[in-house]
Amino acid sequence: MAKNLLIVESPAKAKTIEGYLGKDFTVKSSYGHIRDLVKSEDAIDVANKFKQKYEVPADKKQVVSELKKLAKEADTVWLASDEDREGEAISWHLFDTLNLKDENTKRIVFHEITKPAILKAIENPRKINYDLVNAQQARRVLDRLVGFELSPVLWKKVKPSLSAGRVQSVAVRLIVDREREINKFNSEAAYRVVAIFGKGKQAFKAELGERFVKKEDAEAFLKDCVDAIFNVNSLETRPAKRSPAAPFTTSTLQQEASRKLGFSVSRTMQVAQKLYESGHITYMRTDSVNLSDTALNAASQEIMSAYGDKYYHRRTFKTKSAGAQEAHEAIRPTYFNNHTIEGDGSEKRLYELIWKRAIASQMSEAAFEKTTAKIGISTRKEELTANGEVMKFDGFLKVYLESNDEEEDNQQDDDNTMLPPLSKGQQLDLQEMTATERFSRPPSRYTEASLVKKLEELGIGRPSTYAPTISTIQNRGYVVKEEREGKQRNFSVLTLKDKSINKEQRTETTGAEKGKLSPTDIGAVVNDFLVQHFKGIVDFNFTAKVEKQFDEIAQGLEEWTKMLDVFYKSFHKDVENTIQTADKATGERELGVHPETGEKISVRIGRYGPFVQIGENAGDDKDYKPQYASLRTGQSIETISLEEALELFKLPKQVGEFEGKVMKVAIGRFGPYISHNSAFVSLPKEIDPLDVTEEQAIELILAKRKKDAEKLIKVFDEDPTVKILNGRWGPYIEFGKQNVKIPKGKEPLELTYEECKALAEADSKAPKKGGGRFQKKGAKK
DNA sequence: CAGTGAGCGAGCTTCCGCTTGACTT
């Protein structure tokens, strides 16, 4: 029987540590927090010093009972949860829940999972730090109070099932604000002048510093250059250096994996978790850029043996984020001598990224020589500038180069290449000069990863919650990740070549985006509501402000209930006030009046999403009814124009009759379609739904029937609406309007009618998403 | 993939941060 029970947070960690400690120690894991506030309203007794009601959630019962049993049998229990606010609280919850005793319980901490670090920790046990525990309680209680009081306000004033919280609401706000910046952005055009001098391998580019707003000015400049002589006015060469980035934290890993591998933040975390569990990397949820001494030594050995002494440079990094708690190491390979690992494609790629970044962080600077040549024009006072760069020593660039967010947006080729040997005064041979119309670009929409970066900068959220937060705001429908098709845009290019100027129009695609986040209408309406009524909570500095107070609590300088008392008094008043006085938020906007009837046209959010309304609300007049139409995907109540809104009423439209039934064209969730006798046919992209003719519609219906007939395997005599069809994922039963999957192992052709009926019934009883169609009554006054 | 945008009705939704699997598509 082991004399010692040591409890850590993560089971993978437990396994490693057990190997270091020998048979006197049993090492177990708590799997994170073992207790949480009860779900119900009475979790916090505000009037009684914010007394909390905790419970062990169902999925933790087993862990707790096993730990309880082991703790009873052990002589000493070592609480080794992480050294941060949450870790301290986990230790306290363990102490309390497992009924541990002060005299044989020891609290220890370590920042790295190495044998010496753990042995040292065991030699220096301490007691639970209750100030730190109180800081965690304050954090936990504040988040619950905010989340569970704000959300119900939204249910009443906006829509049921919505949510708000200290972290998610700010994340949404960032995205809404950014979208509005983009909407109000006015693109300005200016001509950029680039000259190419020399021929073949000696050719190089030079650019004019200023840009011309007017086309005439650009043209005049080119005209002046037709007979000009170009000389090198000055030549300057200077050395430049570049240093490697710090090893990965959770947030920087998510950013690089997004840019270099195209991973979503949750994908990155899933793959990293696998790498961690198979022992390839250190812990992946960390805000620290530190490497342990053991790691530093291993990296140095690896670099020296693989690349040589001059590539090695020992570095330590300091964290830049204010809220960092640094309970762990940076993310790094467990063994630096493994340049690659076994595993699937994404595991290999992510591992290599982590390996390269960590190795590079301990390598020498790269050295460059930068050359700038200023080129004079005999007929003008302006100068052209040519930049060249030569790498003198690659250093860390041998293994790794960090990318940046702007890269993808950079349509301009401002690459610093080599310049040919030049001398001052030298006359140059102009090959070609172009003046190209360029447009200023609006700020970019956030990607998942750049949003995480921004949140981290603001000190909002933690490594363990970045990915879940990003999911939450998408699941609530506040934000969507969309692919946007770009728009075509014309631009002019003036080219001077062989002493003549040629003008042409070219087209480019602009605004095409993939995987960028934009707000939905409901996201914008909820945001505006919160900004209006709870400015303090959705303030970008709110978290930083309360974090400062949590720090004071942790240092024993402030009492946690006092801090909460001050906060809650004013917050709760705002909640009460808003419930009493605020109108329902619908985001209503008036677009104008109908050009023919003069009726009011407005947009707002309703039970089924955003819609346009023509006419006033009916009121008591039974004969009058306003007209309604839903907005289409991609349209927003914030940006839709009067013309676009009126377009929506042109559909659905009857296009004729076929087999005695009408054919209607409409637009649904999946785009334009024709409906006929309860059958649907999608409209091909090239046909404008407003222009569909009767003949076209019949043709499309017949084509669809033919295609369906090819899919048909069997029709039942008992009921011809019951069929077996060949679908994209294999055969399935069509039972009236219901589609039912055929279970594995069943031969579709041998199914009887009774079996199909039974399957359909079982399927309809299976739990389905949705429900909650009714609004709670609002407290209107 | 339609229709809907009144009100009636019970009971439901929701936070952030620590951890993994157990689930389905």
Side-chain angles (χ1 to χ4, degrees), chain A residues 8-14 29-37 39-41 43-44 57 59-60 63 81-82 84-91 93 136 139-155 159-169 270 273-274 276-277 283 285 325 327 460-466 468-469 472 476 537 543 586 602 604-613 617-619 622 625-630 652 664-675 678-683 729 737 741 766-767 771-777:
Chain A
V8 293
E9 291 181 37
S10 150
K13 218 190 239 184
S29 123
S30 72
Y31 292 80
H33 273 294
I34 52 147
R35 279 206 305 200
D36 193 14
L37 293 171
K39 282 264 187 189
S40 52
E41 301 281 296
I44 299 158
D59 59 335
K60 290 291 167 62
V63 178
S81 48
D82 297 344
D84 56 18
R85 207 162 58 201
E86 297 299 325
E88 203 67 20
I90 289 175
S91 277
H93 280 301
Q136 193 274 346
R139 199 279 306 156
R140 180 68 190 92
V141 169
L142 181 135
D143 280 336
R144 167 59 69 88
L145 289 171
V146 168
F148 275 39
E149 290 208 15
L150 275 192
S151 300
V153 176
L154 296 179
W155 305 343
K159 213 177 103 168
S161 303
L162 295 175
S163 65
R166 174 176 59 81
V167 173
Q168 58 169 286
S169 296
Q270 278 167 19
Q273 177 88 29
K274 273 197 180 161
Y276 168 65
E277 282 168 12
Y283 197 56
R285 289 186 275 265
Q325 310 210 4
I460 300 172
R462 302 279 313 132
S464 67
T465 59
Y466 294 138
T469 301
T472 299
R476 294 272 175 275
I537 306 293
T543 292
T586 61
S602 58
R604 68 177 188 275
I605 294 186
R607 270 200 285 177
Y608 313 109
F611 69 100
V612 194
Q613 176 173 343
N617 285 336
K622 287 241 165 73
K625 216 183 161 202
Q627 279 181 278
Y628 305 102
S630 295
K664 247 195 214 167
V665 178
I667 296 202
R669 268 207 296 151
F670 310 128
Y673 65 91
I674 301 167
S675 64
S678 76
F680 299 97
V681 187
S682 299
L683 218 52
W729 300 288
K737 283 191 174 177
K741 215 168 80 180
R773 278 164 117 275
F774 300 109
Q775 307 242 13
K776 222 172 182 178
K777 241 199 318 184

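Proteins get letters first, then strands, A, B, ... in listed order; numbering begins at 1 in each.
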**Report entry** Partner set under ring pair (Phe, Tyr, Trp, His ring centres under 6.0 Å) for A:His93, not counting sequence neighbours
**Finding:** A:Tyr54

Query raised in the report: Does A:Arg607 put a side-chain nitrogen or oxygen below 4.0 Å from OP1 or OP2 of B:dA6?
Result: no

Report summary line: Taking B:dC18, B:dC1, B:dC15 as options, the one with an atom nearest any side-chain atom of A:Phe680 is B:dC1

Report summary line: Ranking B:dC18, B:dA6, B:dT14 by distance to the side chain of A:Tyr628, first place goes to B:dA6

Query - All side-chain hydrogen bond (donor to acceptor under 3.5 Å, both in side chains) counterparts of A:Gln325, not counting sequence neighbours - result: none

**Report entry** Non-neighbouring partners of A:Lys13 that pass salt bridge (charged side-chain N to carboxylate O under 4.0 Å, His left out), sequence neighbours left out
**Finding:** A:Asp82

Are any protein N/O atoms closer than 3.5 Å to N/O atoms in nucleotides 20-23 of chain B? If there are, list each pair with its distance.
residue	atom	partner	partner atom	Å
B:dT20	OP1	A:Ser10	OG	2.5
B:dT20	OP2	A:Gln273	NE2	3.2
B:dT20	OP2	A:Arg285	NH2	2.7

Query - Rounded distance (Å) that lies between atom P of B:dG17 and atom CG of A:Leu145 - result: 15 Å

Report task. Just call it for A:Leu142: base, sugar-phosphate, or nothing, with non-hydrogen atoms closer than 4.0 Å on any strand. Result -> nothing

**Report entry** Candidate nucleotides B:dG5, B:dC18, B:dT14, ranked by approach to the side chain of A:Ser464 - the nearest
**Finding:** B:dC18

Requested in this report: Answer yes or no: does a side-chain N or O of A:Arg35 lie under 4.0 Å from OP1 or OP2 of B:dC18?
Outcome: no

Requested in this report: Check every strand shown and say whether A:Arg166 touches a base, only sugar-phosphate, or nothing at a heavy-atom separation below 4.0 Å.
Outcome: sugar-phosphate

Query raised in the report: Is there a donor N/O on one and an acceptor N/O on the other, under 3.5 Å, for the side chain of A:Arg462 and the base of B:dC16?
Result: no

Query raised in the report: Is A:Arg604 touching bases, backbone alone, or none of the nucleic acid, heavy atoms closer than 4.0 Å?
Result: nothing

Query raised in the report: For DNA chain B, what string of dots and brackets results from 5' to 3' when Watson-Crick and G-U pairs need both distances under 3.5 Å, crossing pairs get [ ], and pairs with another strand get |?
Result: .........................

Report summary line: salt bridge (charged side-chain N to carboxylate O under 4.0 Å, His left out) filter on A:Asp36, not counting sequence neighbours, yields A:Arg140

Query - d(CZ, A:Arg140; C1', B:dC15) in whole Å - result: 6 Å

Query raised in the report: Who are the salt bridge (charged side-chain N to carboxylate O under 4.0 Å, His left out) partners of A:Glu88, not counting sequence neighbours?
Result: A:Arg107, A:Arg126

Query raised in the report: Ignoring hydrogens and angles, are the base of B:dT13 and the side chain of A:Ser161 linked by a donor-acceptor pair under 3.5 Å?
Result: yes

Query raised in the report: Does A:Tyr283 have any side-chain hydrogen bond (donor to acceptor under 3.5 Å, both in side chains) partners at least two apart in sequence or in another chain, and if so, which?
Result: A:Arg285

Requested in this report: Kindly say if A:Arg476 contacts the phosphate of B:dC15, meaning a side-chain N or O under 4.0 Å from OP1 or OP2.
Outcome: yes

Requested in this report: Calculate the interatomic distance between A:Lys39 atom NZ and B:dC12 atom P; express it in whole Å.
Outcome: 13 Å

Query raised in the report: Is a side-chain N or O of A:Thr469 found less than 3.5 angstrom from the main chain of A:Thr465, in a donor-acceptor match?
Result: yes

Report task. Under 4.0 Å between any heavy atoms, over every strand shown, what does A:Thr469 touch: base, sugar-phosphate, or nothing? Just pick one. Result -> nothing

Report summary line: For A:Ile460 and A:Tyr466 the tightest heavy-atom approach is O-CE2, 3.8 Å

Query raised in the report: Do you know the tightest heavy-atom contact between A:Arg144 and A:Ala43?
Result: NH1-CB, 3.4 Å

Query raised in the report: Which part of the nucleic acid, if any, lies within contact of A:Gln168, taking any heavy atom under 4.0 Å across all strands shown: a base, the sugar-phosphate backbone alone, or nothing?
Result: sugar-phosphate

Query raised in the report: Which part of the nucleic acid, if any, lies within contact of A:Gly165, taking any heavy atom under 4.0 Å across all strands shown: a base, the sugar-phosphate backbone alone, or nothing?
Result: sugar-phosphate

Query raised in the report: Is the ring of A:Tyr608 stacked on the base of B:dG5, with centres less than 5.5 Å apart and planes under 30° off?
Result: no

Query raised in the report: Any side-chain N or O of A:Ser675 less than 4.0 Å from the OP1 or OP2 oxygen of B:dA2?
Result: no

Report summary line: Ranking B:dT4, B:dG17, B:dT14 by distance to the side chain of A:Ser151, first place goes to B:dT14

Query raised in the report: How would you label the contact of A:Val167 with the nucleic acid (heavy atoms, under 4.0 Å): base, sugar-phosphate, or nothing?
Result: sugar-phosphate

Requested in this report: Determine whether any donor atom in the side chain of A:Arg144 lies under 3.5 Å from an acceptor atom in the base of B:dC16, or the reverse, and answer yes or no.
Outcome: no

Query raised in the report: For A:Glu41, which contact category applies under a 4.0 Å heavy-atom criterion: base, sugar-phosphate, or nothing?
Result: base

Requested in this report: List in chain and number order the residues that pass salt bridge (charged side-chain N to carboxylate O under 4.0 Å, His left out) with A:Arg35, two or more places apart in sequence or in another chain; answer none if no residue qualifies.
Outcome: A:Asp96

Requested in this report: Measure the shortest side-chain to side-chain distance between A:Ser151 and A:Ser163 over non-hydrogen atoms and say whether it is less than 4.5 angstrom.
Outcome: yes

Query raised in the report: So, A:Trp155 and B:dT14: ring centres less than 5.5 Å apart, planes less than 30° off, yes or no?
Result: no

Query raised in the report: Base, sugar-phosphate alone, or nothing: which one does A:Gly461 contact when heavy atoms must sit under 4.0 Å apart?
Result: sugar-phosphate

